[in-house]
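Reviewing the structure listed below.
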Amino acid sequence: MTATVSVRLFGAFRDLAPAAVVELPLPDDASVATLRAALEAHGRGHWPAFQPGLLAVSVFASAERVLREHEPVPRDGELAVLPPVSGG
Amino acid sequence: MTATVSVRLFGAFRDLAPAAVVELPLPDDASVATLRAALEAHGRGHWPAFQPGLLAVSVFASAERVLREHEPVPRDGELAVLPPVSGG
Amino acid sequence: MSMADALACAIADAAAGALPDPAVALRHVAAPGFGGTALFVGTIRDLNHGRAVVGVSYDLYDALALNVFRRACEEAAAAFGPAIRLYVAHARGRLAVGEVAVVVAAGTPHRDEAFRACRAVIEAVKHQAPIWKQEHYADGDSAWSEGCSLCGGDAHAAPVPAGPA
Amino acid sequence: MSMADALACAIADAAAGALPDPAVALRHVAAPGFGGTALFVGTIRDLNHGRAVVGVSYDLYDALALNVFRRACEEAAAAFGPAIRLYVAHARGRLAVGEVAVVVAAGTPHRDEAFRACRAVIEAVKHQAPIWKQEHYADGDSAWSEGCSLCGGDAHAAPVPAGPA
């Protein structure tokens, strides 16, 4: 089964999509690594300014925590891709 | 030659003399160690509440700096005896 | 006082005129049993890597940022408490030079714990919180700051996968 | 800016209604080139060594205290500057629980120098400045705090001479 997940975009990724969110079709049992590959394919196909190198140093997260690469993508709640941070 | 020096009293020593100052006759070439001995003799002779142990952990100072035990007592400017400090 | 009351985390919306406020932070961490308070204030600098900066826009993933702030406070409370009160606030939106981007405060009975807790929390805010900084330069250009990758910087993160550079 | 302007040291007379003010300290150390400010605030605690405290009276040797503050700031500026601004203020007189006895602030381009300079200056104020604290207890008693001997704690001081204990 495949369902669409929404991934929120922040920082430099925010400039790639006006709504700051991207919808990606993903198998139900997809891991975070699979989500990463799907976002990379989407970026290369749709966003001329997409930087694969920035994605490589980014992580995926829920509203609660940063996700591990090999865990399944959680299907409840928010998802986001986080480029390197620079708060403060 | 002997002249009188004034030594300001602070902290626990302040309670020993209403004016918070003590006048001590001292040879012109007296060292800080001699001043210490003179203050101790004065304290034992005049102040029932005098604590020699507190004087032993106190230092003498001018308004500019803490004085070394073996240097001559400066005759210009202020002198003070400083019990252990507890600022902040 | 409960631990929940003792730890306060906030995001200040610059677009609504709010900025992190050191006075609010100091009031929050004060208590009659506390003798030491350490405060950190981060402000917008007029120069970064040699370029004249006129302002900075902060983007935050609010929900996760608040979770990271809270976890950082809980970890500092575990390390330096239990007698401790902590405050963290970070700005969101566009700030001018000199405006306050972040405030962290720690109140404890003695100063060593206050300094160490304050430092630990600001380091977590800088290195672990989902916050991004876009600098606006005097020449009209803008750029997102190069930041600190969360890959491996957090117990929850996996190593960076081999990918296109 | 000259170094003289960058360093400010003050004694606040509680009898005249003045207390060290964190807001004044933060304003003094702010500068457009500075991104990090560290502040320490020392307040009167309601309990010390298990005794209920209702207030503290501070006695200072003003002239020497200001000299010690200034030297501590100059040493911190030498170690962590030259881009640095520092502020120190200590109260004199009687303070109630929760009132501010001392404020130290350091502003620098980056946070590490600010934290380290602020810490170095408050340690000097605590260990080297001629300041004495008399605690007033809930039971009506008062006592001068045992403190930190300046014998040997300062480059200018000689070792304690053997004397009556």
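To find a chain, count down the sequence lines: A is the first, B the second, and so on, and within it residues start at 1.
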### Message
Applying ring pair (Phe, Tyr, Trp, His ring centres under 6.0 Å) as the test, list every pair that has at least one member in residues 6-32 of chain B; sequence neighbours left out.
### Response
B:Phe10-D:Tyr61, B:Phe10-D:Trp132

### Query
Which heavy-atom pair separates D:Arg71 from B:Glu64 by the least distance, and what is that distance?
NH1-O, 3.0 Å

### Task
Anything in residues 95-124 of chain D with a heavy-atom distance to chain B below 4.5 Å? Please list those residues in order.
D:Ala101, D:Val102

### Message
Keeping D:Tyr58 on the side-chain end and B:Ser86 on the backbone end, is there a donor-acceptor pair under 3.5 Å?
### Response
no

### Task
Answer yes or no: is there a donor N or O on one side and an acceptor on the other, between the side chain of D:Asn67 and the main chain of B:Ala63, under 3.5 Å?
yes

## Note on the structure
So, the part of D:Leu60 with a heavy atom under 4.5 Å from chain B: the answer is backbone

#### Entry: Contact check, side chains of D:His127 and B:Val85, non-hydrogen atoms, under 4.5 Å
no

### Task
Go through B:Ala33, B:Ser62, B:Ala37 and name the one with the most non-hydrogen pairs under 4.5 angstrom from chain D.
B:Ser62

### Task
Would you mind telling me which of D:Ala143, D:Ala91, D:Cys148 has the largest number of heavy-atom pairs within less than 4.5 Å of chain B?
D:Cys148

### Query
What residue among B:Val59, B:Leu82, B:Val66 forms side chain to side chain contact (heavy atoms under 4.5 Å, CB included) with D:Cys151?
B:Val59

#### Entry: Polar side-chain atom of D:His90 near backbone of B:Gly87 as donor-acceptor pair, under 3.5 Å
no

### Task
Under 4.5 Å, heavy atom to heavy atom: which of residues 19-30 of chain B reach chain D? Give them by number, or say none.
none

### Task
Please round to the nearest 0.5 Å and tell me the distance separating atom CG of D:Asp59 and atom CG of B:Leu9.
10.0 Å

### Message
Going by salt bridge (charged side-chain N to carboxylate O under 4.0 Å, His left out), name the residues that satisfy it together with D:Asp139, two or more places apart in sequence or in a different chain.
### Response
D:Arg51

